[in-house]
Amino acid sequence: MFESLGRIRNPWVRSLTAAFTTYSAIALVSSVAIGATNSKSESAYRTALTSSLIGICGGALFGLTYTGKGSQRGTAQTSQQQPDAASNGSIWKDWRNFVVVRKVKESEEITSFYLEPEDKGEIPDFQPGQFLTIKLNIPGQPKPVIRTYSLSDYASPCTYYRLSIKREPMPRGLDVPPGVASNFMHDQVHEGAVILAKPPSGKFILDVQKSLPAVLISNGVGITPMISMAKAAIRSGSNRPIWFVHGARDGRFHAFRDEVKALVMSTNGAAQTSPNLHVHFVYSRPSAEDEGHYHSTGYVDTALVRSLIQQDAEYFLCGSPAFMQSLREGLQTAGVPKNRVFFESFGKAMKASAEPEMPTEVSNGNLKTSEIVFAKSDKTVTWQPGDNSILEFAEANDLEPPYSCRQGICGTCMCKILEGEVDYQATPVAEIEPGSVLICISQPKTAKVVLDL
């Protein structure tokens with residue numbers, strides 16, 4: 001009874017229910033007592049009536065003040081209910097507001113931003129190595145700027161997202177230079193600011209349950225997904241051997257140095273190292289103050305990596321394009337299978353020199369032109385092979401589809417295809433929803449393509 005009563009949220013309804021229940025119980029007991037004694041006296045009936053009235057008052061008062069376990073549980077469950085964006089596994093589908101709750105300078109170039117949902121709802125866990133897509137309204141820019149940044153922390157369950165962003169120089173000749181977003185984040189985004197974000201995504205992930213050693217190789221800001229991967233492996237209790245190899249100019253430009261060192265220490269508080277995590281820091285120009293904080297001087301290259309790891313392994317690369325290009329070519333020359341080398345790049349697409357170049361035209365040689373219909377914009381235009389990707393073709397015709405990486409990695413440019421088919425110029429990395437296409441790396445395959453743009 002008390003548990004059922006506690007589930008009633010409205011105190012007046014709870015009071016009335018308790019009063020009626022108490023009255024019914026007392027009336028039943030009185031009737032049984034009078035029947036059992038076969039009493040016909042007026043005093044017996046008066047006593048029964050008085051008891052019922054007292055029971056009604058007492059029950060009403062009890063119901064009004066009762067806040068038992070059932071009521072408390074109901075209140076807690078209600079307080080945790082959130083809009084659709086945060087329910088059902090905490091996955092939301094489009095943009096969601098996040099508040100910058102902390103801003104931390106990690107090095108001379110990198111600053112971290114801790115994001116929590118503005119609606120206070122739950123957020124989904126992510127796989128180590130994935131990224132977050134954010135949208136920024138930057139003064140002076142004709143449209144919102146969309147960027148993708150690797151998630152640089154890991155915890156399960158997840159209560160916040162951390163983005164660690166390098167301040168990029170401002171290159172010339174671009175309408176929306178890469179440095180616009182990073183400089184805006186460093187200079188204008190502070191604690192309390194609200195940023196729009198999409199759910200975590202990406203296929204550059206570490207499977208912590210595998211037994212094959214994983215070699216995490218990075219330089220500069222490429223350390224961000226590697227931090228996530230290393231933390232996931234250690235905190236999950238995985239026995240997978242992890243090598244963490246990172247290159248930096250010197251200590252001033254080395255983000256998360258102490259954080260990585262702390263990971264090496266065992267979680268039981270004892271001063272002993274984790275047997276599964278091996279760290280090697282390389283400084284190209286160390287200063288006197290860096291003594292004791294790095295393991296070798298020079299640059300991270302294939303020779304160094306192969307000297308450290310002399311067994312079969314999977315290799316994960318993230319860093320500057322030239323850095324990754326050199327390592328991919330070096331590992332390939334060393335005989336490492338291509339299916340054991342994984343990389344993440346949000347800059348210019350890379351190709352190992354031994355790999356054939358992707359064709360610049362659609363694979364369908366019979367297709368000379370294609371009619372592309374941009375349904376929402378009510379615009380129909382004829383595409384030719386020299387017009388490159390559908391995204392570039394749309395921009396050339398005064399449309400402004402959303403995009404970020406332009407490599408099929410982030411999924412920002414994904415849109416519905418209502419008719420026709422496309423060919424991909426490169427293998428998509430982003431997960432593509434049924435009935436959708438990535439226009440940044442696709443070209444028409446059929447004579448007519450209708451897009452929901």
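The backbone N or O of Met185 lies less than 3.5 Å from no partner atom in the side chain of Gln188, so there is not a single donor-acceptor pair. Remark: side-chain polar atoms of Asp387 are paired, donor with acceptor, to backbone N or O of Gln384 under 3.5 angstrom. For the pair Trp383 (side chain) and Lys448 (backbone), a donor-acceptor distance under 3.5 Å is absent.
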Worksheet entry | Residues Phe98, Tyr161; criterion ring-ring contact (aromatic ring centres under 6.0 Å, His included); working and verdict | CA-CA 9 Å; Phe98 280 78; Tyr161 295 136; 5.7 Å; yes
Discussion item. Does Ser112 form a side-chain contact (heavy atoms from CB on, under 4.5 Å) with Phe256? I'd like the steps, not just the answer.
Written reply: CA-CA 10 Å; Ser112 287; Phe256 307 115; 3.7 Å; yes
Practice prompt. For His254 and His246, run ring-ring contact (aromatic ring centres under 6.0 Å, His included): C-alpha distance rounded to whole Å, both residues' side-chain angles, the deciding distance at 0.1 Å, then the answer.
Written response: CA-CA 9 Å; His254 186 179; His246 179 71; 5.2 Å; yes
Practice prompt. Go through the steps for Tyr154 and Phe126 under the test ring-ring contact (aromatic ring centres under 6.0 Å, His included), then give the verdict.
Written response: CA-CA 8 Å; Tyr154 186 84; Phe126 59 91; 5.7 Å; yes
Discussion item. Does Glu395 form a salt bridge (charged side-chain N to carboxylate O under 4.0 Å, His left out) with Arg406? I'd like the steps, not just the answer.
Written reply: CA-CA 13 Å; Glu395 292 174 327; Arg406 304 182 82 100; 2.9 Å; yes
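Tested against Thr412, the residues Ser201, Pro402, Cys440 include a single side chain to side chain contact (heavy atoms under 4.5 Å, CB included) partner, Pro402.
The existence of a salt bridge linking Glu106 and Arg252 is excluded, since no basic side-chain nitrogen approaches an acidic carboxylate oxygen closer than 4.0 Å. A salt bridge links Arg162 with Glu259: the distance from a Lys NZ or Arg NE/NH1/NH2 to an Asp or Glu carboxylate oxygen falls below 4.0 Å. Salt bridge present: Glu314 and Lys210 bring a charged side-chain N and a carboxylate O closer than 4.0 Å. Looking at Arg240 and Asp207, no side-chain N of the basic residue comes within less than 4.0 Å of a carboxylate O on the acidic one, giving no salt bridge.
The local environment of CG in Asp94 is crowded, with over 12 non-hydrogen atoms from other residues, nucleotides or ligands closer than 6.0 Å. By the 6.0 Å contact criterion, NZ on Lys376 is open, its count of non-hydrogen atoms from other residues, nucleotides or ligands being 12 or less. Within a 6.0 Å radius of CD in Glu431, other residues, nucleotides and ligands contribute 12 heavy atoms or fewer.
Thr224 and Ser152 form no side-chain donor-acceptor contact under 3.5 Å, judged by distance and modelled atom types alone. Under 3.5 Å, the side chains of Tyr114 and Asp153 contain no donor-acceptor pair of N or O atoms. Asp250 and Ser287 share no donor-acceptor pair across their side chains, judged by distance under 3.5 Å alone. No side-chain donor from either of Ser107 and Glu109 sits under 3.5 Å from a side-chain acceptor of the other.
Thr159 and Ile123 get closest at one heavy-atom pair: C-CD1, 3.6 Å. Here the shortest heavy-atom pairing between Phe244 and Ala230 reads CD1-CB, 4.0 Å.
Checked against the 6.0 Å centroid threshold, Tyr283 and Tyr294 count as a close aromatic pair.
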